[in-house]
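This report concerns only the one structure given below.
It should be emphasised that the depicted structure is a prediction, and the values quoted were computed from it without experimental measurement. All ligand and atom numbering here is 1-based and tracks the order in the structure. The first residue in the sequence is number 1, and the count goes up from there.
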Amino acid sequence: MPTPDLGNPKRTIEILQKYRFSFQKRYGQNFLIDPHVLEKIVAAAEVGKEDLVLEIGPGIGTLTQYLAAAARKVIAVEIDDRLLPVLEETLAGYDNVEVLHADILKVDVRQLAEEKNGGRPLKVVANLPYYITTPIIMSLFESHVPLESMTVMVQKEVADRMKAGPGSKDYGALSLAVQYYAEPYLAANVPLNCFMPRPAVGSAVIRLSGRPKPPVQVREEALLFGLIRAAFNQRRKTLMNALRNAQELGYTKEEIEKAMKAAGLPERVRGEELSLAQFAMLADALGEERENNE
Ligand code: SAM
């Protein structure tokens, strides 16, 4: 297998010029040009010879080369058809890489894991297109794809939100959703000059390790996430008011009051003060209220 030769500015520029490639902003194209960062991503993901890696957005194949050198097999999903001939050249020597031309949001990743990995957990590793970071991550979690971990480059500010806890300004619906499914670990902060072109904001590599089961047990997962969304849609309001205003939930003032009491929550508490366990208790109490009133 060849040694990775991309991941430096000179070689990246050569490839871009050869194919007369122009960056598409709408696809979030910021290519990595720093070998240390590439090595760090592979190390943080702990990619080994048994692993099937799903890469989202290979670009010109920079991270793909590093992944292919470390993994058993890499499946790389790229939306931009202009990159297909480039990938054919840059990945020519790597016989364990399969490039799929598709929009990752339309790929049935569960089925892919079933077909290509016998249903065993896979590792997702990517320098994500930032315009769809949250939809990609949430759809992988919510569709219950067997995942060992996701090690992804995201905006620094998004990484901070993913790992924030109650009381922090970064804490919100994304923190709770991510932490329900995974354990976040910030692997590296990555400066602007590691990309071509430079993004407008700082980046970070975050590793989300899949949990064997969620840290809280809740009777209705959908209600838990409905509550979380409602609480943070109006984060400056008290939880009581935010839930009363959330027409999609359809609870009366009395039901909310009773459930909050049953969950041991003070009347004037705000959603941003609640832990995941407290949201889970409240979801169960509200579910029970509804059952009693039916
Ligand atoms: N992995 C390369 C690197 O690190 O240099 C490129 C990363 S770049 C930030 C994001 C890549 O995702 C681009 O190649 C872009 O074309 C691709 N992309 C954007 N939207 C996508 C989608 N919906 N499905 C699959 N790939 C997508």
Using a heavy-atom cut-off of under 4.0 Å, does the side chain or the backbone of [X] touch ligand 1, or both, or neither?
| X | result |
| --- | --- |
| Ile132 | side chain |
| Tyr131 | side chain |
| Ala126 | neither |

State the atoms of ligand 1, each with its element, that fall below the 4.0 Å cut-off from a heavy-atom position in [X].
| X | result |
| --- | --- |
| Gln29 | 13 (C), 15 (C), 16 (O) |
| Asp103 | 22 (C), 23 (N), 24 (N) |
| Val77 | 25 (C), 26 (N) |
| Glu55 | 1 (N) |
| Leu83 | 14 (O) |
| Gly28 | 8 (S), 9 (C), 10 (C) |
| Leu128 | 9 (C) |
| Glu78 | 13 (C), 14 (O), 15 (C), 16 (O), 17 (C), 26 (N) |

Checklist entry - Taking the six-membered ring of Tyr181 as reference, does the NZ or CZ atom of Arg211 fall below 6.0 Å from its centre and within a 45° cone about the axis? => result no

Checklist entry - Going by atom types only, do Asp80 and Gln29 share a side-chain donor-acceptor pair under 3.5 Å? => result yes

Checklist entry - So, Thr64 versus Glu55: side-chain donor-acceptor pair below 3.5 Å or not? => result yes

Item to check | Polar contact flag for Gly57 and ligand 1 (N/O pairs, less than 3.5 Å) | outcome: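 So ligand 1 has an N or O lying under 3.5 Å from an N or O of Gly57.
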
Item to check | Nitrogen or oxygen of Asn30 less than 3.5 angstrom from that of ligand 1 | outcome: no

Checklist entry - Counting only N and O atoms by type, is there a donor-acceptor contact under 3.5 Å from the side chain of Asn30 to the main-chain atoms of Pro197? => result yes

